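We count ligands from 1, going down the list as the structure has it; atoms in each ligand are counted the same way. The shown structure was predicted, so the numbers you read here are calculated from the model rather than taken from an experiment.
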Amino acid sequence: MDPSKWIDVTSESFKYSLDHFVIPSHYQKDVSSILIPHGIIMDRIEKLAKLIVEDSKGPLVICCVLKGGHQFFADLVNEIKKCNTVLGQSVPLSLEFIKVRSYHNDVSTGTVSISLTDEECQDWKNKNLLIVEDIIDTGNTMVKLLHKLQEFQPASVRVASLLLKKTPKSNGYVPNYVGFAIPDEFVVGYALDYNEYFRDLDHICIISVSYILDFG
Ligand SMILES: Nc1nc2c(ncn2[C@@H]2O[C@H](COP(=O)(O)O)[C@@H](O)[C@H]2O)c(=O)[nH]1
Ligand SMILES: [Mg+2]
């Protein structure tokens, strides 16, 4: 792993007390700490967008991996559009959506289901794809998705993931662009869910053990 590619928040000192930020009251008891406050997420995305635009030679097809990637995708696309105007660079964008499912509760099911039809993807031949994902954990989901995408003969495929979990379960896959390296814990917020809850929480938080025991 190349630590210069991301911000490492794996140390205990990066866990902020809930008292120091505003958390919706319906989630106060369900998360144990804040790992990445929303403002820092937004600042990091600004930089990732700049790196992506600098590396882009032509039009980009940006593919959002649903559902967890939707907030990162929306904010990243906004920042790329700003680069197009402020930096005077011009990267034409088209936007696509892929639904992938591999988790139940906080556990990977081991099977990855990808909803993609040939009709949807036939236009991707010879295009430059940027896949936008919320988190790489074992890496199995992304490796399977990248394998599937090769069927559509894109010119290139790059991957931006907001989070990369440092876990012994990793298959070694590392995306081209990473926001933060995080500890081997289950995180929620900023569209990352636990059985559809917590997507409406702005900060990225560590879920509390008691929540998993009660609802897992
Ligand atoms: N809300 C959370 N979702 C997570 C977390 N870790 C993984 N995931 C989900 O799984 C895939 C990727 O998993 P992988 O093992 O195949 O790499 C990712 O897209 C998420 O949907 C987590 O901590 N919180
Ligand atoms: Mg995901």
Taking distance alone, with N or O pairs closer than 3.5 Å, would you say [X] contacts ligand 1?
X: T138; result: yes
X: V187; result: yes
X: G139; result: yes

Q.
I need the contact type for D134 against ligand 1. Using non-hydrogen atoms and a strict under-4.0 Å cut-off, is it side chain, backbone, both or neither?
A.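 Side chain only.
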Q) At under 4.0 Å between heavy atoms, which part of K165 makes contact with ligand 1: side chain, backbone, both or neither? A)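 Contact part for K165 vs ligand 1: side chain (C-beta onward).
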**Q.** D30 and Y197: CA distance, side-chain angles, deciding distance, side chain to side chain donor-acceptor pair (under 3.5 Å) verdict
**A.** CA-CA 10 Å; D30 304 331; Y197 288 96; over 6 Å; no
Heavy-atom contacts with [X] under 4.0 Å: which atoms of ligand 1 show up? List them by number with element.
X: E133; result: 19 (O)
X: D193; result: 1 (N), 2 (C)
X: E185; result: 23 (O)

Q: Kindly give the atom name of the N, O or S atom of E133 closest to the Mg ion (ligand 2).
A: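 Output for this pair reads OE1.
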Q | Proximal heteroatom of D134 relative to the Mg ion (ligand 2) (N/O/S) | A |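 D134's closest N, O or S atom to the Mg ion (ligand 2) is named OD1.
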Q.
Taking the side chain as everything from C-beta on, heavy atoms only, tell me whether F72 gets closer than 4.5 Å to I135.
A.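 Answer no - side chains too far apart.
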(Q) Is there a side-chain contact between C63 and V65 in this structure, where contact means two heavy atoms from C-beta onward sitting under 4.5 Å apart? (A)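 Result no, sub-4.5 Å side-chain heavy-atom pair not found.
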Q. Aromatic rings F198 and Y211: how do their planes relate, parallel, tilted or perpendicular, breaks at 30° and 60°?
A.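 Rings of F198 and Y211: perpendicular, over 60°.
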Q: Give a yes/no verdict on whether any heavy atom in Y194 is under 4.0 Å from an atom of ligand 1.
A: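 Under 4.0 Å: no for Y194.
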**Q.** Close approach, R101 and ligand 1, non-hydrogen under 4.0 angstrom
**A.**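 Heavy atoms of R101 never come under 4.0 Å of ligand 1.
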Is [X] salt-bridged to [Y], going by a charged N under 4.0 Å from an acidic O?
X: K82; Y: E46; result: no
X: E54; Y: K50; result: yes
X: E96; Y: K127; result: no

Q: Would you please say whether a donor-acceptor pair under 3.5 Å links the side chains of D200 and Y27?
A: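 The answer is yes; a qualifying pair exists.
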